[in-house]
Amino acid sequence: MRIATWNLNSVTARLPRLLQWLEESEPDVLCVQETKVAGDKFPVAEVAALGYEVAHHGQGRWNGVGIISRVGIADVVTDFAQSPGFPESDIKEARAIAATCGPLRIWSLYVPNGRTPDDPHYRYKLEWLKALSGTLAADVHGERPFAIVGDFNIAPTDDDVWDPAQFVDATHVTAPERGALQQFLDLGLHDVFPRPLKGDHPYTYWDYRAGSFHKGWGMRIDLVYANTTLQKAVTDAYVDRDARKGKGPSDHAPVVVDASL
DNA sequence: ATGCCTTTCCCAGAAAGA
């Protein structure tokens, strides 16, 4: 079974690249983030033509998460219990969706950016992650293969950014954010560390500006956390950096995990 | 070369991204 996660930065703008990637890479389950379309505006028919079903939770201009599967989609849940909103607690954003795809239970997540550590959005990010971790114990400890995947907007260690000196006092690398990731490990999840197809670091994101991709100025912020059942079944994991090349790419590359399920 | 920001709102420039 091939499982993948990819921040598309607009499913509308990325549709040709998405369809091409589905055909070439043949994932069984692809979790997507930043679809940037309303719930009913996802290009379901185009994806269906390749044999895939879609569960999508979108809101229009920002955010939006989905799960694309060719092994079934059942028990879809949007959002999680006690998820905070922004800027007010009752204004919920489309950042989480879960489904059961064949033997696998999986969440597609778009963690809030945080903007800067002194911004209310940063506090929201930490609260969102804390609320999420509070909902996962039963699935993590169950026998069923389980994963939370997506754009976590946090680099787990300094090895996961191209130059730590560039990120002093910046979001994505602060101790509280990394502490939030540690909570997932403490719960019993495993960071499925992908191999890079080039270079020493499996970065998943490169800024569009300044030729960052070509200079190797990347970050590993798209992550796969698997429970022990799934972790034991993993046979390979890699970042498909080729998807960051060429005309009209997303600024993120897909993370691909193969598992014997 | 892998190539120097992109996407959405909508037609102008702001907001957001990380």
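Every heavy atom of this structure was used, including side-chain atoms; hydrogens, water molecules and symmetry mates were not. Just so it is clear, the structure is predicted and the values come from calculations on it, not from any experiment. In what follows, every chain begins at residue 1, and chains take the letters A, B, ... in the order their sequences are listed.
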Open item on the list: Applying a 4.0 Å non-hydrogen cut-off, can you work out what A/S250 is touching in the nucleic acid: base, sugar-phosphate, or nothing?
Closed with: nothing
Open item on the list: Please report the distance, rounded to the nearest Å, between CH2 in A/W206 and P in B/dT6.
Closed with: 16 Å
TODO: Would you give a per-nucleotide map of nucleotides 9-18 of chain B, 5' to 3', where B means the base has a protein non-hydrogen atom under 4.0 Å away, S means only the sugar-phosphate does, and - means neither?
DONE: B----BBSBB
Open item on the list: Using atom P in both nucleotides, what's the gap between B/dC9 and B/dC4 to the nearest angstrom?
Closed with: 24 Å
Task: Rounded P spacing from B/dT6 to B/dC11 in Å - done: 23 Å
Open item on the list: Between A/D158 and A/R178, does any side-chain N to carboxylate O distance fall below 4.0 Å?
Closed with: yes
TODO: Establish, from distance only, whether the side-chain atoms of A/D222 and A/T204 form a donor-acceptor pair under 3.5 Å.
DONE: yes
Open item on the list: Would B/dC4 be called syn or anti here, given the cut-off of 90° from 0?
Closed with: anti
- [ ] Quick one: name the residues clustered hydrophobically with A/V224, using the 4.5 Å side-chain heavy-atom rule over I, L, V, M, F, W, Y, and just say none if it's on its own.
- [x] A/M1, A/I3, A/V29, A/V65, A/I67, A/V71, A/I73, A/V76, A/I97, A/L104, A/I106, A/Y110, A/V149, A/V192, A/L230, A/V234, A/V239, A/V255, A/V257, A/L261
TODO: Before accepting this row, confirm whether a basic side-chain N of the pair A/D191/A/R220 lies closer than 4.0 Å to the acidic partner's carboxylate O.
DONE: yes
Open item on the list: Give me the distance, rounded to whole Å, that separates B/dA15 from B/dC10 when you measure between the P atoms they each carry.
Closed with: 15 Å
Task: Interatomic distance at C1', B/dA18 relative to B/dT7, whole Å - done: 15 Å
Open item on the list: Under a 4.0 Å threshold between the charged nitrogen and the carboxylate oxygen, would A/D28 count as salt-bridged to A/R70?
Closed with: yes
Open item on the list: What contact category does A/G248 fall into here, base, sugar-phosphate, or nothing, at under 4.0 angstrom with non-hydrogen atoms?
Closed with: nothing
TODO: Pick the C1' atom in B/dT8 and in B/dG3, then give their distance to the nearest Å.
DONE: 25 Å
Task: Derivation of the salt bridge (Lys or Arg N to Asp or Glu O under 4.0 Å) call for A/D236 and A/R195 - done: CA-CA 8 Å; A/D236 191 17; A/R195 60 188 171 86; 2.9 Å; yes
